[in-house]
Amino acid sequence: QVQLVESGGGLVQAGGSLKLSCTASERTFDRLHLGWFRQAPGKGRDFVAAASGTGSSTTYADSVLGRFTISRDDAKNTVYLQMNNLKSEDTAVYYCAASLYSLIPRPNDFWGQGTQVTVSS
């Protein structure tokens with residue numbers, strides 16, 4: 001069982017930046033495929049970004065491409081999401097997820113509890 005804990009959410013003005021962190025309790029962290037998802041009020045959970053277990057590839061949703069960056073520090077068992085040029089439509093609860101097998105984590109993989117990001121216009 002992999003436990004994930006997100007941090008770094010908060011309130012920011014449009015155009016600002018935030019950096020989310022997610023720390024995992026897993027000795028084989030470097031083999032985990034990691035992802036960030038978000039869920040806005042009244043909407044479903046959407047994919048944001050993912051990083052492969054080898055760290056060699058990343059992928060992003062079109063809506064955040066060029067503004068968000070996913071990175072990982074395997075020595076710290078931590079994955080990050082740097083969010084720049086934030087927009088009001090980025091307001092959501094952001095979730096970290098991990099998978100041993102799927103490059104983009106699936107609902108039945110491991111999930112954190114979420115952290116709120118609110119962008120004021």
Side-chain angles (χ1 to χ4, degrees):
Q1 186 75 11
V2 178
Q3 294 183 332
L4 303 168
V5 179
E6 302 101 332
S7 61
L11 175 65
V12 64
Q13 289 188 331
S17 298
L18 276 177
K19 187 173 185 178
L20 305 182
S21 301
C22 174
T23 300
S25 61
E26 174 56 41
R27 288 178 294 175
T28 57
F29 180 85
D30 59 337
R31 291 192 283 174
L32 291 174
H33 304 300
L34 301 165
W36 286 97
F37 295 73
R38 66 187 182 186
Q39 187 167 16
K43 296 187 177 181
R45 191 171 298 187
D46 294 328
F47 168 75
V48 174
S52 67
T54 63
S56 63
S57 68
T58 57
T59 185
Y60 297 90
D62 289 343
S63 59
V64 306
L65 192 61
R67 299 189 298 123
F68 291 11
T69 302
I70 187 171
S71 61
R72 58 190 296 162
D73 185 339
D74 291 343
K76 295 182 178 179
N77 278 20
T78 300
V79 59
Y80 304 98
L81 185 68
Q82 177 67 49
M83 305 184 293
N84 298 328
N85 190 22
L86 283 160
K87 305 175 181 180
S88 58
E89 52 263 43
D90 295 319
T91 295
V93 177
Y94 282 71
Y95 296 90
C96 170
S99 177
L100 290 170
Y101 307 109
S102 177
L103 290 178
I104 297 178
R106 298 176 179 178
N108 60 343
D109 284 314
F110 305 107
W111 291 80
Q113 81 289 349
T115 185
Q116 177 70 47
V117 172
T118 303
V119 183
S120 63
S121 57

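- Cation-pi geometry between R106 and Y101 is not met at under 6.0 angstrom from the ring centre and within 45 degrees of the axis.
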Worked check of side-chain contact (heavy atoms from CB on, under 4.5 Å) between E26 and L32: CA-CA 9 Å; E26 174 56 41; L32 291 174; 3.8 Å; yes

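- Using a 4.5 Å heavy-atom threshold, the side chains of C22 and W36 count as touching.
- In this structure, the separation between NE2 on H33 and OG on S102 is 7.5 Å, given to the nearest 0.5 Å.
- In the hydrophobic clustering of ILVMFWY residues, with side-chain heavy atoms under 4.5 Å counting as a link, Y95 and I70 come out apart.
- With rounding to the nearest 0.5 angstrom, the CZ atom of F68 is 14.5 Å from the OG1 atom of T58.
- Under a hydrophobic clustering in which Ile, Leu, Val, Met, Phe, Trp and Tyr are joined whenever their side-chain heavy atoms come within less than 4.5 Å, directly or via other members, L86 and V93 fall into different clusters.
- Taken together through direct or relayed side-chain contacts under 4.5 Å among Ile, Leu, Val, Met, Phe, Trp and Tyr, Y80 and V117 form parts of separate hydrophobic clusters.
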Derivation of the side-chain contact (heavy atoms from CB on, under 4.5 Å) call for F29 and K76: CA-CA 9 Å; F29 180 85; K76 295 182 178 179; over 6 Å; no

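- No side-chain donor from either of T91 and T118 sits under 3.5 Å from a side-chain acceptor of the other.
- Among residues two or more places apart in sequence or in another chain, the side-chain hydrogen bond (donor to acceptor under 3.5 Å, both in side chains) test is passed with Q3 by none.
- In summary, R67 and D90 engage in a salt bridge, as defined by a charged side-chain N under 4.0 Å from a carboxylate O.
- Scanning all heavy atoms of the two residues, the minimum distance from S120 to L11 falls at CB-CD1, 4.3 Å.
- The shortest non-hydrogen separation linking S121 to S88 is CB-CB, 4.4 Å.
- Within the model, atoms OG1 of T28 and CG of L100 stand 6.5 Å from one another, a figure rounded to the nearest 0.5 Å.
- Between S52 and S57, the side chains place a donor N or O and an acceptor N or O closer than 3.5 Å (distance only, hydrogens not considered).
- Distance check: L20 CG to Y94 OH gives 7.5 Å after rounding to the nearest 0.5 Å.
- Side-chain contact between L81 and K19 is absent, with no heavy-atom pair separated by less than 4.5 Å.
- Panel note: side chain E6, backbone T115; no donor-acceptor pair is recorded below 3.5 Å.
- Between F37 and F47, a ring centre-to-centre spacing shorter than 6.0 Å is recorded.
- Atom SG of residue C96 and atom CZ of residue F110 lie 12.0 Å apart, to the nearest 0.5 angstrom.
- Of all the heavy atoms in P105 and S99, the pair that sits closest is CA-CB, 4.0 Å.
- The CG atom of L34 sits 10.0 Å away from the OG1 atom of T78 when rounded to the nearest 0.5 Å.
- T69 and Y60 get closest at one heavy-atom pair: CA-OH, 3.4 Å.
- Looking only at atom types and distance, the side chain of S17 has a donor-acceptor partner in the side chain of N84 under 3.5 Å away.
- W111 has its side chain within reach of R45: a pair of non-hydrogen atoms, C-beta onward, lies under 4.5 Å apart.
- The two residues A92 and R38 have their closest heavy-atom pair at CB-CB, 3.8 Å.
- Between L4 and Q113, the closest heavy-atom pair is O-OE1, 3.5 Å.
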